[in-house]
*Asks:* 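Please find one structure pasted underneath; my questions will follow.
Every heavy atom of this structure was used, including side-chain atoms; hydrogens, water molecules and symmetry mates were not. Chain naming here is simple, since letters A, B, ... match the order of the sequence lines and numbering starts at 1 in each.
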Amino acid sequence: MTWVTPGTGLLLGAIVIPLLLILYFLRLRRQPLRISSTILWEGAVEDLHANSPFQRLRPSVLLLLQLLALLLVVFSIMQPQVEGGSPKQGKHVLLLDRSTSMAAQDEGGVSRFARAKITAIEIVSTLHGGGLFSGSGSETMVIAFSDSAEIIIPFTDSEQQLISAINSIQPTHGKSYIEEALKLARAYTTNVDPEQNGLALSESAQLELFSDGQIPDLQAQALQRGETLHYHRIGEGEQANIGITTINAKRISETSDDVQIFLSLINTGEQEITTDIEVSVNGFPIGVQQVLIPAQTEKNSGTASVVFMPFSMPSGGVVHAVLTSSDALAVDDVASLVISPPKELRVLLAENGPSLVKAVLEGMPLAKLQVVSPSTLETMVATQETSSFDVVVTRDVQLEKLPQGNYLLFGSPPPMDAFSTFVEGEAQVMLVAKENHPVMRFVRFENIVIAKGFEIVVDERVDVLLEGSGWPAVMTVRDRGVQVVYVAFDPLESNWPYLRSFPFFVYNAVQFLGRSGDALSSALGKVGETISLNVPSGVEMVSIKEPNGQEHEVSVDATGRAHWGPIRITGLHAVSWNGKLQRRVAVNSPKGEANIASVESISIGANTVEASESSGASFIQLWPWALAAVLVVLLLEWWVYQRKTGGVSRFLKTSADNSWT
Amino acid sequence: MSEFGKTVHARPVKVDELLGSKLMASLDKLDIVARKIFSGKTQGERRSRRRGMSVEFADYRQYTAGDDLRFIDWNVYARLDRLFMKIFLEEEELTLGIAIDASASMEYGNPNKFDFARRLAMALGYIALSSHNKVSLFSFNDKGVKRLSALRGRKRTRDIGQWLLDLMPEGGTSFVEACKVISTSRQGRGVLVIVSDCFDTEGVKQGLSYLVGGGWDVFVMQTLAPEEVDPQRTGLEGDVRLEDSETNDACEITVTAPLIAKYMQRLQQYCEDIREQCTRVGAGNVKVSTDIDMEQLLVEYLRSRGLLR
């Protein structure tokens with residue numbers, strides 16, 4: 001047995017035990033009281049006729065119990081601990097893998113991540129043999145990592161803080177990347193001496209990795225000079241796992257309600273597995289298919305694809321796919337997909353001069369197309385009647401102001417701050433376009449020649465989609481609830497109306513604006529990424545509810561978008577505002593985490609690290625038991641005292657027996 | 001010094017404060033009762049041992065020369081032809097002695113024990129004088145016995161009061177010596193009421209023997225203060241150093257329930273001893289707490305105990 005703070009305990013004992021004894025030796029200074037006669041009291045009092053300040057110490061159970069309690073207090077303050085290895089010195093960094101594969105449950109039903117936390121706490125107890133009044137000489141930092149790394153607690157020698165921090169770590173369903181975690185650890189541990197050409201001043205920290213070893217980027221890392229890595233293997237090897245790697249849906253056509261579901265499955269086991277996969281929409285099963293997933297080969301995992309028959313889905317909803325056979329990792333046995341309903345748009349059109357855009361819009365499947373004169377449009381803008389239309393399209397119409405809404409403007413520049421100065425643009429050809437932008441999809445811009453237009457000076461908010469040889473030709477901006485696709489020339493001043501790209505452009509722009517830039521796939525998120533949504537004007541706060549029930553309030557920024565992240569777990573994230581569920585974002589298990597076999601050794605750079613069981617034996621603290629014993633002794637002392645002095649009831653009973661005239 | 005037991009009640013400084021008019025009115029109908037028949041010196045209202053001139057027939061005796069012919073029973077002479085004298089009972093006065101303990105231990109309590117004794121003596125004296133009895137008062141401590149003897153007639157009530165007011169409690173208790181002095185005094189024989197706290201067990205035992213042997217019908221009123229009857233109820237607490245008012249002996253105590261219980265036990269035993277001593281010598285005994293109402297004590301308790309009627 002060792003003592004952490006023997007000096008403190010002995011000092012305390014040397015003070016309080018003599019004090020207690022002196023209290024028993026010393027007689028009380030009593031208040032004098034003159035009475036008729038003391039003859040009746042004499043028999044009850046034993047210390048009569050004694051005048052010395054001290055009395056003889058008589059055997060007393062109370063004194064013995066009080067001495068025992070004091071000795072136990074002293075004992076506990078000296079903080080005895082049973083030997084289990086000497087506390088480690090130096091700095092240690094605990095790296096906890098909280099990726100998807102750590103959610104796998106091995107035998108016993110405990111997840112690997114829970115085991116990792118238990119092991120980490122044991123290591124902390126081993127490293128920190130310090131007690132109440134002294135540190136252990138060891139400092140430890142805790143970092144949890146998956147897609148990104150997070151410092152859970154910086155270097156501290158407090159065992160309790162470390163344990164509390166480890167217990168607070170939440171698992172994620174992301175991929176496992178250790179690079180950022182190592183960078184964070186080194187940033188906190190490496191003290192460089194600028195006068196010694198960057199040589200480290202102090203000894204590097206010891207890294208304690210708690211993982212199943214399934215870390216794809218570990219091979220690309222390397223241990224620095226003086227750095228050591230302990231690999232605490234969590235989980236069992238040769239664990240077979242099947243999972244859904246991809247889920248996708250496709251609408252047969254824009255005008256059709258039919259949707260088709262595609263799935264990719266993976267098997268990381270050495271045996272081929274036959275399983276059922278069930279797909280449901282909004283909770284109602286729409287089909288079950290049996291699928292055989294082949295075993296993994298030496299190089300690749302076994303994969304299988306499943307296609308479900310198209311089914312009608314007129315109003316959109318949530319597609320849910322579940323593998324019915326159970327395995328160690330349940331997270332990737334489920335996948336979801338949110339499908340938006342097909343949307344038919346309402347468009348308001350105003351053109352100056354001959355109708356050009358009208359012919360294109362009439363060819364589109366729109367819910368409503370209303371054509372008005374420029375003066376009528378100005379009136380509608382003034383009375384905000386345009387808000388009932390998804391998109392307002394103008395050509396060569398100069399508007400005084402733009403209320404909140406979506407606009408496709410040809411010719412006259414929009415009255416917005418983003419478009420500050422402009423002059424008449426000279427003739428030009430098109431040079432560069434953002435072909436990946438939905439507006440520019442299928443738009444062949446090379447043949448467009450413009451005779452004249454508006455040379456706009458734009459600020460950083462404006463996204464230029466088509467750049468001409470002299471000035472930007474097509475651009476988009478979103479500001480304070482107003483989204484605009486602006487074509488800085490009248491098509492009649494170019495050859496564009498005669499090209500096939502013009503109707504494609506009008507179609508794309510109207511679809512883009514009408515759906516506020518949201519595509520079908522935007523409702524599919526990834527762990528580690530951010531959920532970003534366009535929010536209707538007037539909404540200031542958005543509530544995002546995670547699959548585990550945690551709710552987050554997010555404020556809407558100046559551009560009318562709400563952002564929350566990073567996404568931590570898989571499942572459906574519900575987005576609501578104005579107290580109503582508005583959207584759902586499906587987050588599925590990432591690829592590459594299906595392999596859950598725990599490896600016995602890991603390779604970091606050129607080094608191979610074998611799994612180690614523990615960093616040392618732990619200490620058993622005895623002082624809590626001593627304090628508990630103090631409480632027991634004090635209770636016993638109280639009982640003895642009560643028994644000795646009696647109770648009020650006994651006294652009342654005695655006095656009631658006397659009858660006096 | 002603690003205030004526990006210190007007298008805070010108003011002390012009597014005038015005779016009227018010893019015996020109020022209301023109490024006086026209720027005492028007028030009372031009289032002292034003697035359990036024995038005593039011989040008095042003058043005629044009174046009580047039957048005497050002597051044969052005398054009352055109307056109550058006592059006995060016959062043979063005529064001897066010189067007897068008063070008025071008392072010959074002529075009817076008996078007619079039947080028996082012998083002369084017999086009719087003897088009648090004599091009615092004489094009764095002496096009431098009141099002995100007050102004037103030691104320092106009586107100067108204690110709320111109400112004060114000595115004040116209580118003086119009021120009781122005053123009341124008993126008034127009753128006796130009102131009933132045409134003779135009253136003698138004694139006060140005793142270790143300095144001796146003071147006395148006020150042979151008072152007769154209601155008009156001497158004020159003398160009793162003044163004498164009582166002049167008394168000062170001091171010194172120790174010398175019960176035996178006082179009893180000796182009282183028993184050998186020529187104050188006649190009668191009822192002797194002793195008002196004392198009796199904190200002298202052996203003295204009480206011996207002293208009573210002297211008094212009873214001297215012919216007194218003794219009645220001991222053991223008077224204790226409420227602070228002595230029930231110390232905890234009256235506020236005794238904590239760690240205190242008790243000092244004996246007569247001997248100055250000190251006794252250090254920590255007031256706890258067991259200690260109080262033990263004190264009560266010893267007090268009860270002590271009072272029992274006093275009662276036993278009284279019973280043994282044929283003396284009456286009553287223990288009284290000074291917080292009792294005086295009228296209730298006299299009219300109810302002492303009547304029930306046979307001292308008054």
*Asks:* Donor-acceptor check, side chain of B:S245 to backbone of A:I35, threshold 3.5 angstrom: yes or no?
*Replies:*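 Judged by distance alone, yes, a pair lies under 3.5 Å.
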
*Asks:* Holding to ring pair (Phe, Tyr, Trp, His ring centres under 6.0 Å), I want the full list of residues that pass it with B:F140, two or more places apart in sequence or in another chain.
*Replies:*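 In terms of ring pair (Phe, Tyr, Trp, His ring centres under 6.0 Å), with neighbours along the sequence ignored, B:F140 is linked to B:F175.
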
*Asks:* If you measure from OH on B:Y270 to OG on A:S37, what distance do you get to the nearest 0.5 Å?
*Replies:*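 Those atoms lie 7.0 Å apart.
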
*Asks:* Going from CD1 on B:I253 to OG1 on A:T38, what distance comes out if it is rounded to the nearest 0.5 angstrom?
*Replies:*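 The distance works out to 10.5 Å.
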
*Asks:* Using non-hydrogen atoms only, which part of B:Q269 is less than 4.5 Å away from chain A: side chain, backbone, both, or neither?
*Replies:*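 For B:Q269, neither part sits under 4.5 Å from chain A.
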
*Asks:* Could you tell me the separation between the NZ atom of B:K262 and the CH2 atom of A:W41, rounded to the nearest 0.5 Å?
*Replies:*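 B:K262 NZ to A:W41 CH2: 11.5 Å, rounded to 0.5 Å.
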
*Asks:* Using side-chain heavy atoms (C-beta onward) and a distance below 4.5 Å, is A:I39 in contact with B:D249?
*Replies:* no

*Asks:* Out of B:E227, B:M106, B:K113, which residue meets the side chain to side chain contact (heavy atoms under 4.5 Å, CB included) rule with A:S36?
*Replies:* B:K113

*Asks:* Determine whether A:R34 and B:N248 make a side-chain contact, defined as any pair of heavy atoms from C-beta on separated by less than 4.5 Å.
*Replies:*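 Side-chain contact under 4.5 Å: yes.
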
